[in-house]
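By convention in this document, chain letters (A, B, ...) are assigned in the order of the sequence lines, proteins followed by strands, and residues within each chain are numbered from 1.
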Amino acid sequence: MSNAASIGIDIGSTSWKGCVVDSKGRVMASRIQESDPRIKEQTARLLAELMADTGASSQVPVIATGYGRKQVEATRQVTEITCHTKGCFHQTGKPGVLIDIGGQDTKVIHIGPKGSVLDFQMNDKCAAGTGRFLEVILQRLRIPLDQVGQHISSKGEGVKVSSTCTVFAESEVVSLVAQGARVEAIARGVLEALAARVSSLAGKVPEQLPLFMSGGVALNPAMVAILAEALGRPITVLDNPQLVGAHGAALSGGG
Amino acid sequence: MTRNEAISTHRNQRHGKVLACFPMQYPRELLTALNILAVEVWGPPDVTPTHEMARIQAYVCPIVRHSMEFLASKEASQLDGILFPHTCDSLQGLATVLTDFGPWDKPVFHFTHPKGPLDSPRRTFLRKEFQHLATQLEEWTGETLTLEKLRDAIALHNHLDSLRGTLLEPTGQTLGPLQYELLRRGEFQWPQTWLEEIQEALAGVSVDVSKEAKEGGPARLLVSGIVPEPQGIFEALRQAGAIPVADDYAAIGRRICHVENLPDDPFDALMARYEALPPCPTRGASVDRRIGWLLERARSAKAEAVLLHNITFCEPEMFDLPHIRRELAAQGLPVLYMETELGGELSGQLATRLEAFVEMVLDARRKG
Amino acid sequence: MMLRRMQYEFMKNAGGTFLTGLQRYQAFKKRGKRGARPPFGPPLESVERLKEIMTRYYFTGRYADGAVPVAWVTSGFPSEALVALGYHLVYPENHAALCGARRKGGKMCGAAEEFGYPRDICSYVRTDLGSLLSKKTPVGRLPKPDLLCCCTNICQTVLYWYRALAKHLDVPLVIIDTPFIYGEAPTHHLEYVRGQLDQFIEVAERIGGKKLSPEHFVDTVKKAQRASSLWGECLATGKAKPSPWSAIDSFFHIAPVVTIRGSDECVDYYQMLLNELTERARKGVGAIDNERHRLLWDNLPIWFLVRDLALATAERGFQFVCATYSNAWAEAGSQIDPSTPLDSTARTYTSVYLNRDLDNRTRSLIQLARDFDADGAVLHSDRSCKPYSVGQVDVRNRLMEEEGIRAMLLEADHNDERSFSKEQALTRLQAFMEAFDE
């Protein structure tokens, strides 16, 4: 008899995340993989693996979130905003402001004392302020996203990258390189530009509320540090930040 | 009845002229009294872009860009003239580009409504502006505007507005794509015909007297913005689990002005109806008045949240946004702001945002 | 109150120094001159006086509230009555431009966005609201207003902007609504503006705590009219070949006619500038060393790019000799007739450049190009200014087809450098200039 209570899957633009939880909401097994354009096949395969790992039967509810949530068969579909909130509140048990920088979207969610979404903001129109922005620009600088921490200059030494539009910023970076600016200084400038955009999305965060961060970009300590500088406050990175959405989805399964 | 049918019916049966009218506020009563069919141009949503649209920069509102394309197309040849109310800089720009650089060579009329609170210089001006437009339209049509005709037209529109209000109010639970289709038909329908259509629709509608949020029922939204395009917005709302229960769209609810006792003098009556219009930034209403109005609408319709749905690059709506968001939130009404283009489908990102918003509203309802 | 007033008067007559965008621009031009191939001619001497005037203007402002009545006004507002009533005037547009020229526009816009104002709102508005909300300004401090005065003759945006200011500051707002003119203004439109002027003066008197003296008012109108005329004459010296100054210079020298018109200081300044420019023209001293092509500029300056633009054009022997933006201030103001001050104020302020139909504006633009013998035109397609920008595609085509003037649209923004790629813009400009010599 398996303890599996529900399964959450979070199909994002850059990665596929899934986990199984028991009746107390604890993660029993999880999977994180780069997104495959064949969403259905990937989902079927990884779900089978998760079920095999935990002995979960096909009766266990599957809750899907992420931009690909409607592409797959699931017991329920819930938006990322609600799922990240649930995942975050499960870990912290307190109100606060959650920042999730995803591949396509950046969300800033105000979580209430009971774990409800009080308000949320999302980037609109373009990739400005998203993980995609970082990815595109850092690629230009030939810096792998996960190693950016080793490739940036220290505070105050960054070059100003004023464009927050991905296309414009890319061209700005190209010309900075052409002018002989140090790659490390540009990299810092890029991270600062992203932080400024996210900070403007977040608006004024009330003093007493802690800041949390989820999503893949949270694994990047340099980015977290610069974002904390921009917001003028420390940021707590949630455990397994990439899995928070999927975990939250699984937690939505209980009712 | 489609737009084209309405136009040909007007031409063949009433033998009147057809005037393209731009958003959003103009004295339609004058047009009706002079047997002019108003055909409103809010885009249209689906046009095939050619070099005509490229004459207007991409950072200008799509109503203006689409209209440029539409007015240069063959389809626009059914129109006899254009009326431009002085709504915003971009529409004013369109008016002048279109006439000064073509291709429009038929008559163009302007209606300049005063900006700011209706004090004495503004009242004097507005009255003269009504009279000025009336004279111009009389000359154009060759019809004489008798006080009687004008009085009848005003009464008709006043009645229409009362019915439109009813259609939006007590049937809140059922307000959806169908009601909107009917409400927006007035953008080209002859007013008397439209009135009959609305009367017929109202006769078949059951009035929901409870007007309460029901456990397990959809989230109740006050919707505001410019124009409900793309039309998929209502289906998206329904799928997300929400329904509009009150409306402040500039194209719809924000133009309803029913006056209980109309003054006898028709120009006084026009003034009274104008004054009764809901507040709008394009006419310079203060931010506080706008917020007060939205709150009142939300309360009377028992709305649980507010959707501000703007058209991209529409500046007047943007200035009120941070204030509306703050003050309504303080009253327990969360606000979702989104911008769309006119045509096409709602993007997946916007649909997600709507869904997340509805999840939030319903969660708040559950937790009381 | 007395003390505050003394402080204010003292500051009004004292100097002071702070760095303005202008200073940087001038310093930059001087540096350019020391280079291997100096593209710029000797800088204007009047600049020192201009700096003094503007420094004192902003410096005095810090002490104005509590000392004298303060009004925040739009650039196109008929401000003569306020000047005559002793108000200290703040021009948020000028302040925003100053922030933009110092490349603080983007940052301040960001502060307004943090509050919730969307990014597609005019960047002057976002700069100023951002400054107000973050309490940051390069001028130290702006005095709090007792009255907000908005005139819709330059755009409808100011209407929304000043409503927002009224909301933030909880201060009374006067709106002078000037109906847009297609062809000729109908009589009732002018009467309407006149009616609002009368009403506005009553409000300004009540808040300012004194009656407007007709003599003082006429005197102020005369001075404002004189300053505008002199400004026009200054601009006209640019017709000389080589042009003794550039349109980019004029973007900075326009500040007094915007902010302190109606004062003796303003008149004196333009007289001084005119003398210098006339002398330069007589001696054949140009703003750049090698003027080969003469360009017209349309729309607001791109404040954060003026230096780059000046250099990019000067290096290749191109010179901006005229601008519809600078010209608008000469065109309108000089038409006020002091013998009918209120009626002519109503007419003048309703007939400003941006409040007229495109046909009228295009004819005026073409006349300008002809008068200044421009062989090229750069039309700044300004994301932040719809009333100025809508129609430019057709204007450009007319310039090319009917006037034989090469013209380009340069898409940018007057104050927000964040949605802009300098390299792309300068490359396009360079390609445009290369085509002249093919």
Checklist entry - So what's closer than 4.5 Å to chain A heavy atoms on L350(B): side chain, backbone, both or neither? => result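 The answer is neither part of L350(B).
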Checklist entry - In terms of heavy-atom proximity below 4.5 Å to chain A, should R366(B) be classed as side chain, backbone, both, or neither? => result neither
Checklist entry - Any idea which of S347(B), A356(B), A364(B) has the most non-hydrogen atom pairs under 4.5 angstrom with chain A? => result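 That would be A356(B).
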Please determine whether the number of non-hydrogen atoms from other residues, nucleotides or ligands lying under 6.0 Å from atom [atom1] of [X] exceeds 12.
{"X": "K70(A)", "atom1": "NZ", "answer": "yes"}
{"X": "E41(A)", "atom1": "CD", "answer": "yes"}
{"X": "Q239(B)", "atom1": "CD", "answer": "yes"}
{"X": "K24(A)", "atom1": "NZ", "answer": "no"}
{"X": "R38(A)", "atom1": "CZ", "answer": "no"}

Checklist entry - Are side-chain N/O atoms of T79(A) and E359(B) paired as donor and acceptor at under 3.5 Å? => result yes
Checklist entry - Any idea which heavy atoms bring F120(A) and M360(B) closest together, and the distance? => result CD2-SD, 4.1 Å
Checklist entry - What closest approach, in Å, do V117(A) and D363(B) show between heavy atoms, and which atom pair accounts for it? => result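 Looking at all heavy atoms of both residues, the shortest contact is N-OD2, 4.4 Å.
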Next on the checklist: Distance check, rounded to the nearest 0.5 Å: I81(A) atom CD1 versus R353(B) atom CZ?
Outcome noted: 9.0 Å
Item to check | Rounded distance (nearest 0.5 Å) linking atom CZ of F357(B) with atom OG1 of T82(A) | outcome: 12.0 Å
Next on the checklist: So which residue, K107(A), K114(A), Q77(A), R69(A), ends up with the most heavy-atom pairs under 4.5 Å with chain B?
Outcome noted: R69(A)
